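Report on the structure given below.
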2 protein chains.
Amino acid sequence: MAMGPRDVAVLAELRLRDATRPELAAATGFSKPTISEAIVSLEAAGLVVNRGRTAGAVGRNPRVYAINARASLVAGVDIGGTNTRVAVADLHGQILAERHERTTGSRVQQQVRRLIRQVHKEATAVLGGDGCALASIVVSTPGVIDRGSTQARFAYNVRTDGIIDLTALRDRLDPPLRVENNVNLAAVGEARAGVAEGVGTFVHLAIGAGIGLGIMHGGRLLRGAHGAAGEIAYLPLGRRPLAKEHRASGNFEAETAAAGLLDRAQSARWDADPPQDVAELFHRAEQGDRAARRLVADEGRRIGLAVVAVCSVVDPELVVLGGGIGRNQLLLESVSQTCAELLPAPSPVVTSTLADRGSLIGAVLSAVDDAWSLLQSNPKEASS
Amino acid sequence: MAMGPRDVAVLAELRLRDATRPELAAATGFSKPTISEAIVSLEAAGLVVNRGRTAGAVGRNPRVYAINARASLVAGVDIGGTNTRVAVADLHGQILAERHERTTGSRVQQQVRRLIRQVHKEATAVLGGDGCALASIVVSTPGVIDRGSTQARFAYNVRTDGIIDLTALRDRLDPPLRVENNVNLAAVGEARAGVAEGVGTFVHLAIGAGIGLGIMHGGRLLRGAHGAAGEIAYLPLGRRPLAKEHRASGNFEAETAAAGLLDRAQSARWDADPPQDVAELFHRAEQGDRAARRLVADEGRRIGLAVVAVCSVVDPELVVLGGGIGRNQLLLESVSQTCAELLPAPSPVVTSTLADRGSLIGAVLSAVDDAWSLLQSNPKEASS
DNA sequence: TCCTTTTATTCGGTTACCTTACTAACGTAT
DNA sequence: ATACGTTAGTAAGGTAACCGAATAAAAGGA
């Protein structure tokens, strides 16, 4: 049932680029006859298609083969604090249909199930009716997720009583479903379709309503012993690391994430009214407002300290700032400067370009990986 | 030349425990005839020896096979700030001979070469003359080592002008030589022969003359993008993370490592004379001296903050404290308490038991691994 | 037109496994 | 003691996945 190493190697190569048989032979190290056999079996399984021949060169023109990206579909789901997003993509990770709605606190599982059905239908329509079943689903949520679990635990969370449980969702859906931390998935997104493309070792620091860190090391996610790696809400930074007020939820997060920043903004002196939310604060800073700029620079220094701490521990090649707060370009300067001052060899710091879709994109791409490894262990499906 | 997967699997199993052919068949999943073939070829290569038969059970008594640990020898070298240690071990990592000398600042390479020769000769004598060549050498040094390099760089170091270069040493020695950071190797030591045996994901925090962190994640060393993971001298902790005085060498290290602790000790109030060195400080604290205990508790809180920072980033299963300062039991309480106060799920904190030989032992065990992977790619040597 | 170049397939052979069936060695019950 | 059951090891034959070499097919250019 499981396909052999030669088929796996050929598929891996074709996922990188379309290729001819001689190219595949050179790339995989297998002989030409072996590659031909692999092509035959993969074509029969519907995983590989012929894209015609090249032309122009001397000698017989080779046929070009490519992944059949429509062999199955996958879904990515991002359950956020405010929005829940669902996307359905083909095996290249190309998103065919996508929707979002406000998250319903208690009925998340039904909501997600309905959204998946709807988006799947839309994707099928996009493909012109010859759609096919979902091969895998990856769900992004905040919280700490034990390996293989469908439960996300929070040390402290008002909305959900400390837990999000997607067990019922998994049991009611046909394709295998995996739950992964949202910040980790955002890092995957950056690694495969964002500013960290081609960078094996980097961190993605997300600052928004909360604060979290996704760590990619040598192309692999770093999850830690209990899936809690990157839960840096508790970093003992700042003037009062031992303060008792926000210990439960983490002093650093309380100071640095949206609530803390807004607090400081509202108790600062303003020419006009204080800003109502963080977006307005950054908007004013962009307009040149002195008070706003000072607050942003201060926030940048705060974040900079976290970046310094993280860099000294994991030595990334790149630091990506994301999340509602972190993705503001205005922060870059003071963050970079803090690093430059405190680190002997500071890593470059850049801003995420995936906006608020990082986790969703990471979920989709992870689902693609899951689908491929499933297909490789039992290649029996084919539809288009 | 390279040995096949069946031989590799059999060797891997035998490295864990001696075993009979049926046991090997069950453990590796290969059939009995295949195991027999593997045994024949491995015995011929001198890598496996017959240890006789079991007796007592009903049925024919199986032969027991074991790794031939004497098939080659390996060397571990630890170049420390004050002492340079060399050990030669067999393929089980069993140390057969060991020496240490004070490190000679400039002539390290010659010194190490001489020590290796001497210790190798001693080890050969221990084996009763039928010794054999060294198959691999791993050298432990402080500093940041680029992948595959023989140079260790320091952001800041008085003794060595910022670099230790072992290229000449490697070129003059026959067996392959690998250079690795001393704290990383100490973590390897803890993982394989220390308090972290069987723990896949843990950190080893070494505090002595300097301060460093070795990170083990899922059984693998975490080196970071430039080999600088765990260089936590620059952690922006404490009251004045931005202080300029010790930026070059790292404020956290300056405060927390030996020099900083001694500074504080000497400017504290004492009934008698202030302690001359860190060892004396801890000795007095053990005797119950109030001032000493206060300083130790304060140091523990300082270290505790670093542990909290590290735990929130990498989520280890265990924290091991080592190094001349870190291994003092007296610190444990205040470190653990700081973690308990600031982390929602604090990892247990324990003290290293390898004393100042952690890096050496890690170097030896890494050299054993290197030797095995070399033997697996070209198994031609055999001696005893 | 034929020749050169490159692609694709066919064919025979090797390797590394497997299963089955046997022989060898041991403890124990008769 | 001898026969018997159990377990270890070996011999023989089969199969799948690969290889290299030879050959057939398809293209451009002399």
Side-chain angles (χ1 to χ4, degrees), chain A residues 1-14 17-45 47-67 375-380, chain B residues 1-14 17-45 47-67 375-380:
Chain A
M1 185 111 328
M3 71 177 55
R6 78 172 182 209
D7 297 28
V8 170
V10 168
L11 277 180
E13 189 61 27
L14 284 178
R17 57 183 175 96
D18 297 356
T20 67
R21 299 194 205 195
E23 283 167 359
L24 288 170
T28 62
F30 287 108
S31 69
K32 286 184 289 172
T34 303
I35 295 297
S36 290
E37 279 181 42
I39 294 279
V40 167
S41 86
L42 291 173
E43 235 175 344
L47 297 176
V48 157
V49 290
N50 187 345
R51 280 235 182 291
R53 330 178 84 90
T54 58
V58 320
R60 178 172 175 179
N61 293 10
R63 286 187 280 241
V64 179
Y65 292 90
I67 288 294
L375 286 173
Q376 286 173 3
S377 50
N378 61 338
K380 44 188 166 192
Chain B
M1 187 112 327
M3 69 176 57
R6 82 177 178 204
D7 297 25
V8 170
V10 167
L11 277 179
E13 189 59 29
L14 285 178
R17 57 182 174 97
D18 297 357
T20 68
R21 298 194 206 196
E23 282 167 0
L24 289 169
T28 62
F30 287 108
S31 68
K32 284 187 294 171
T34 303
I35 295 298
S36 288
E37 279 181 43
I39 293 280
V40 168
S41 86
L42 291 173
E43 237 176 339
L47 297 177
V48 158
V49 290
N50 186 346
R51 280 236 183 291
R53 328 176 86 91
T54 59
V58 320
R60 178 172 173 180
N61 293 6
R63 286 184 280 236
V64 180
Y65 292 90
I67 288 295
L375 285 174
Q376 285 174 1
S377 51
N378 61 338
K380 44 186 166 192

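Since this is a predicted model, take the numbers as computed values, not measurements.
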Side chain to side chain, B/Asn50 and B/Glu43, heavy atoms closer than 4.5 Å: yes

Proximal nucleotide (of C/dT7, D/dG9, C/dT5) relative to the A/Pro62 side chain: C/dT7

Phosphate contact (C/dT9 OP1 or OP2) by A/Ser36 side-chain N/O below 4.0 Å: yes

Candidate nucleotides C/dT5, C/dC17, D/dT7, ranked by approach to the side chain of B/Pro5 - the nearest: C/dC17

Nearest-nucleotide pick for B/Thr34, side chain only, options being D/dC19, D/dA24, C/dC18: C/dC18

Separation of atom CG in B/Asn61 from atom P in D/dA8, rounded to whole Å: 9 Å

Closest contact, heavy atoms only, A/Leu14 versus A/Tyr65: CD2-O, 3.5 Å

Per B/Pro22 side chain, nearest of listed nucleotides C/dC18, C/dA8, D/dG9: D/dG9

C/dC17 OP1/OP2 closer than 4.0 Å to side-chain N/O of B/Arg6: yes

Whole-Å gap separating C1' (C/dT19) and CD (B/Glu37): 14 Å

Under 4.0 angstrom between B/Arg21 side-chain N/O and D/dT10 OP1 or OP2: yes

Minimum-distance nucleotide to B/Arg63 side chain [options: C/dA8, D/dG20, D/dG9]: D/dG9

Earlier contact from the 5' end, DNA chain D, for A/Val58 and A/Ile35: A/Ile35

Nearest non-hydrogen partners of A/Leu24 and A/Glu13, listed with the distance: CD2-CG, 3.6 Å

For the student: nearest non-hydrogen atoms of B/Ala25 and B/Ile35, plus distance: CA-CG1, 3.7 Å

Rounded distance in Å - CD1 (B/Ile39) to C1' (D/dT10): 14 Å

Considering all heavy atoms, the nearest B/Ala9-B/Phe30 contact: CB-CE1, 4.0 Å

Side chain of B/Phe30 - closest among C/dT28, C/dC17, D/dC18: C/dC17

Among C/dG27, C/dT6, C/dA24, the nucleotide that comes nearest once only the side chain of B/Arg60 is considered: C/dA24

Value in whole Å for how far the P atom of C/dA24 lies from NZ of B/Lys32: 15 Å

Proximal nucleotide (of C/dT7, C/dA24, C/dT19) relative to the B/Pro33 side chain: C/dT19

